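Below you'll find the structure, written out as structure tokens, and then a few comments.
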Amino acid sequence: MPNNLQGKVAIITGAANGIGAEIARDFERRGAKVFLTDIAAEAGEATAKGIGSNAAFMHHNVSDEAGWPAVFEQCEATFGKADILINNAGIEVTSFITECELEDFRKLLDVNVGGVFLGIKHGMKHMSVANGGKGGAILNLSSMAHLIAGVGFGPYGATKSAVDKLTKVAAVEAGALGAGVRVNCLYPGIIDTGMQDKLGQDLLTMGVFPDAQALQEYVIARTPLKRTGTPADVAKAAAYLCSDEAAFITGVGMSVDGGMALG
């Protein structure tokens, strides 16, 4: 594995499990020091411990602005100033729009949009070269749900579309402010994680598919690469966009979905 993140310090939210945890492991193997945050304290501690001495964990609720300055302060005290921020933390609600409770939709907005907004806000301030930071890269996790109009994806997809817009505006503002920060996002598709397992079960419960086999056949038939994705697939894309190899790339969204959104 290339050491294309050697010497980097990365903050990764929602890193206790799934995609966030794999990004943390991948980045550390590429030479970065990784500072993990999550609301799942026990799992987060275990993930950081499993990575080793180049990883640390902090309990953190991304939707609570009061906690964000401490994330950057603790990261700096542990590993030095951050030059990568991965806004990965998110939740999923799969529901027909007519059946979605307003309270559930507001929770989606708080975490998926509010958490990314706050990450960009505080990340830009701490990482900006104009404020004594090192510059670097912010990467936001949007979703293939931003690109397609799937049954049951309305509330979740709306939040991920907001993440895409925040990414593009932040990229332009970072340039205008001389921050030295690039801002990009990823659109993961069907990735083998606990969250995707819940998505599948929700679609079956809603009656969108008659059984698990029909759902699996639909996903594979619609995906040009004929498989579901892995957290490692997403981590590799994240590593590229956060590395100096992508030094002239900002404001873009990259699909990691095996081509599923093309159908």
Side-chain angles (χ1 to χ4, degrees), residues 10-29 34 36-48 50-51 55 57 60-62 86-95 104 107-108 111-112 115-116 119 139-148 150 152-153 155-157 159-160 163-164 185-206 208-209 212-213 215-220 222-223 225-242 253-261:
I11 295 172
I12 306 159
T13 70
N17 299 288
I19 290 172
E22 185 58 31
I23 289 175
R25 288 188 285 263
D26 181 274
F27 277 30
E28 192 276 336
R29 290 192 293 265
V34 291
L36 290 63
T37 83
D38 206 297
I39 59 171
E42 187 174 346
E45 291 281 6
T47 298
I51 294 172
F57 173 78
H60 174 220
N61 178 354
V62 296
I86 310 289
N87 285 311
N88 167 72
I91 59 174
E92 185 166 33
V93 172
T94 307
S95 172
D104 291 333
K107 186 174 181 180
L108 278 170
V111 178
N112 294 0
V116 171
L139 182 65
N140 304 317
L141 272 288
S142 180
S143 169
M144 181 183 70
H146 159 62
L147 302 173
I148 65 172
F153 289 172
Y156 177 76
T159 67
K160 291 304 184 176
V163 169
D164 181 73
C185 69
L186 292 177
Y187 310 135
I190 305 299
I191 308 297
D192 295 330
T193 64
M195 182 177 286
Q196 290 302 329
D197 290 343
K198 179 183 180 300
L199 165 64
Q201 187 56 56
D202 288 344
L203 290 173
L204 294 177
T205 300
M206 292 165 62
V208 178
F209 294 93
Q213 181 177 345
L215 171 57
Q216 181 69 8
E217 289 175 352
Y218 170 82
V219 169
I220 298 304
R222 184 165 172 171
T223 306
L225 294 185
K226 301 306 178 188
R227 69 173 177 88
T228 54
T230 68
D233 291 322
V234 182
K236 291 171 186 176
Y240 169 67
L241 287 176
C242 292
M254 178 186 292
S255 293
V256 189
D257 66 352
M260 188 176 184

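All values reported here derive from a predicted model rather than from experimental measurement.
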**Residue list, side chain to side chain donor-acceptor pair (under 3.5 Å) with N17, at least two apart or on another chain** = none
**Prompt:** Any side-chain heavy atom of V234 sitting closer than 4.5 Å to one from L141?
**Reply:** yes
**Prompt:** Would you say the side chain of I191 lies within less than 4.5 Å of the side chain of P231, judging by non-hydrogen atoms?
**Reply:** yes
**Request:** Verify side-chain contact (heavy atoms from CB on, under 4.5 Å) between Q213 and L215, making sure each step is shown before the conclusion.
**Result:** CA-CA 5 Å; Q213 181 177 345; L215 171 57; over 6 Å; no
**Asked** For the residue pair A55 and L36, what are the closest heavy atoms and their distance?
**Response** CB-CD1, 4.2 Å
**Message:** The criterion is ring pair (Phe, Tyr, Trp, His ring centres under 6.0 Å); which residues satisfy it with F57, sequence neighbours excluded?
**Reply:** none
**side chain to side chain donor-acceptor pair (under 3.5 Å) between S142 and D164, worked out** = CA-CA 6 Å; S142 180; D164 181 73; 5.4 Å; no
**Note: R25-E22 ion pair, threshold 4.0 Å (strictly below)** = yes
**Asked** side chain to side chain contact (heavy atoms under 4.5 Å, CB included) with S143: which residues, sequence neighbours excluded?
**Response** A145, Y156, K160
**Prompt:** Are the charged groups of D233 and R227 less than 4.0 angstrom apart, N to O?
**Reply:** yes
**Derivation of the side-chain contact (heavy atoms from CB on, under 4.5 Å) call for D257 and R222** = CA-CA 11 Å; D257 66 352; R222 184 165 172 171; over 6 Å; no
**Prompt:** With sequence neighbours excluded, what pairs up with L147 under the side chain to side chain contact (heavy atoms under 4.5 Å, CB included) test?
**Reply:** Y187, S255, A261
**Prompt:** Does a donor on one side chain sit under 3.5 Å from an acceptor on the other, for D192 and T230?
**Reply:** no
**Message:** Looking at N112 and G90, would you say the former's side chain and the latter's main chain have a donor-acceptor pair under 3.5 Å?
**Reply:** no
**Asked** Who passes side chain to side chain donor-acceptor pair (under 3.5 Å) against N87, sequence neighbours left out?
**Response** N140
**Complete:** Between G44 and A16 the two heavy atoms that sit nearest each other are N-CB, 3.5 Å
**Request:** Could you pull out the closest heavy-atom pair between P155 and G152, with the gap in Å?
**Result:** CD-O, 4.3 Å
**Message:** Among residues at least two apart in sequence or on other chains, which ones pass side chain to side chain contact (heavy atoms under 4.5 Å, CB included) with E42?
**Reply:** none
**Request:** Apply side-chain contact (heavy atoms from CB on, under 4.5 Å) to the pair I11 and I86, showing each step before the final yes or no.
**Result:** CA-CA 6 Å; I11 295 172; I86 310 289; over 6 Å; no
**Prompt:** Can you list the residues that meet the side chain to side chain contact (heavy atoms under 4.5 Å, CB included) rule with V111, with sequence neighbours excluded?
**Reply:** V62, I91
**Nearest-0.5 Å distance, CG of residue L139 to CD1 of residue I12** = 10.0 Å
**Request:** Just jot down the salt bridge (charged side-chain N to carboxylate O under 4.0 Å, His left out) partners of D202, sequence neighbours excluded, or say none.
**Result:** K198
**Message:** I'd like to check the side chain to side chain donor-acceptor pair (under 3.5 Å) partners of T37; sequence neighbours left out, ordered by chain and number.
**Reply:** H60
**Prompt:** Once you round to the nearest 0.5 Å, how far does CZ of F209 lie from CG of L203?
**Reply:** 6.0 Å
**Request:** Under the side-chain contact (heavy atoms from CB on, under 4.5 Å) rule, what do N88 and I19 come out as? Steps first, then yes or no, please.
**Result:** CA-CA 8 Å; N88 167 72; I19 290 172; 3.7 Å; yes
**Message:** Once rounded to the nearest 0.5 Å, what's the spacing between atom NZ of K236 and atom CG of L241?
**Reply:** 15.0 Å
**Message:** Once rounded to the nearest 0.5 Å, what's the spacing between atom OG1 of T223 and atom CE of M260?
**Reply:** 4.5 Å
**Prompt:** Which residues satisfy the side chain to side chain donor-acceptor pair (under 3.5 Å) test with Q216, sequence neighbours excluded?
**Reply:** none
**Message:** Holding to ring pair (Phe, Tyr, Trp, His ring centres under 6.0 Å), I want the full list of residues that pass it with Y240, two or more places apart in sequence or in another chain.
**Reply:** none
**Message:** Keeping D38 on the side-chain end and A15 on the backbone end, is there a donor-acceptor pair under 3.5 Å?
**Reply:** yes
